Amino acid sequence: MDILVFTTSVTAPEQITRVQPLLTSVKAIEEWNFDLEDCDNILRIVSHDVSPRYIESLLHDAGFLCTELEY
């Protein structure tokens, strides 16, 4: 299992609702959540073999910035 962490431009629950179908459609994603209280609007993903670039692309196509954070 991999844990991926991203900074995003998602800032509101309504925006999470727009992204939800994209993230839930990826079978390799076990769990995901946003931390809108964090200054970086963190997206955490628990997955099996999902490329960080793929997640960045998904959110970008939905109109959001998304960049993997190294930890």
Side-chain angles (χ1 to χ4, degrees):
M1 288 248 243
D2 297 315
I3 298 174
L4 304 173
V5 181
F6 302 88
T7 180
T8 73
S9 64
V10 174
T11 59
E14 300 81 27
Q15 294 173 328
I16 294 173
T17 302
R18 283 182 30 207
V19 173
Q20 181 178 2
L22 301 174
L23 296 173
T24 57
S25 71
V26 179
K27 301 294 184 215
I29 295 177
E30 294 288 322
E31 298 176 41
W32 61 270
N33 65 66
F34 280 92
D35 181 356
L36 300 183
E37 299 294 318
D38 187 277
C39 65
D40 289 321
N41 302 310
I42 296 295
L43 167 61
R44 287 181 188 84
I45 294 180
V46 178
S47 68
H48 300 282
D49 284 334
V50 173
S51 162
R53 302 307 149 250
Y54 179 69
I55 300 300
E56 291 170 349
S57 176
L58 274 180
L59 265 71
H60 183 263
D61 290 348
F64 298 102
L65 297 176
C66 179
T67 306
E68 182 183 23
L69 290 175
E70 298 297 326
Y71 60 96

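Note that the coordinates shown come from a computational prediction; the quantities given were computed from them, not determined experimentally.
Note on residues 42-56: pairs passing salt bridge (Lys or Arg N to Asp or Glu O under 4.0 Å), not counting sequence neighbours, are R53-E56, R53-E68. Sorted by first and then second residue, the side chain to side chain donor-acceptor pair (under 3.5 Å) pairs with a member in residues 3-14 read T11-Q15; sequence neighbours excluded. Among residues at least two apart or in separate chains, there is no salt bridge (Lys or Arg N to Asp or Glu O under 4.0 Å) pair with a member in residues 16-32.
In this structure, I29 CD1 and L58 CG are separated by 7.0 Å, a value rounded to the nearest 0.5 Å.
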Would you be so kind as to tabulate the donor-acceptor pairs closer than 3.5 Å made by side chains of residues 59-67, with sequence neighbours excluded?
none

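Within the 3.5 Å criterion, the main-chain N or O of E37 finds a donor-acceptor partner in the side chain of D35.
Among the candidates L4, V10, L23, the single residue satisfying the side-chain contact (heavy atoms from CB on, under 4.5 Å) test with L43 is L23.
Between I16 and L36 there is a side-chain heavy-atom pair separated by less than 4.5 Å.
Checked against side-chain contact (heavy atoms from CB on, under 4.5 Å), T24 has the following partners two or more places apart in sequence or in another chain: Q20, W32.
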CA sep, side-chain torsions, deciding dist, call: I55, I45, side chain to side chain contact (heavy atoms under 4.5 Å, CB included): CA-CA 9 Å; I55 300 300; I45 294 180; 3.6 Å; yes
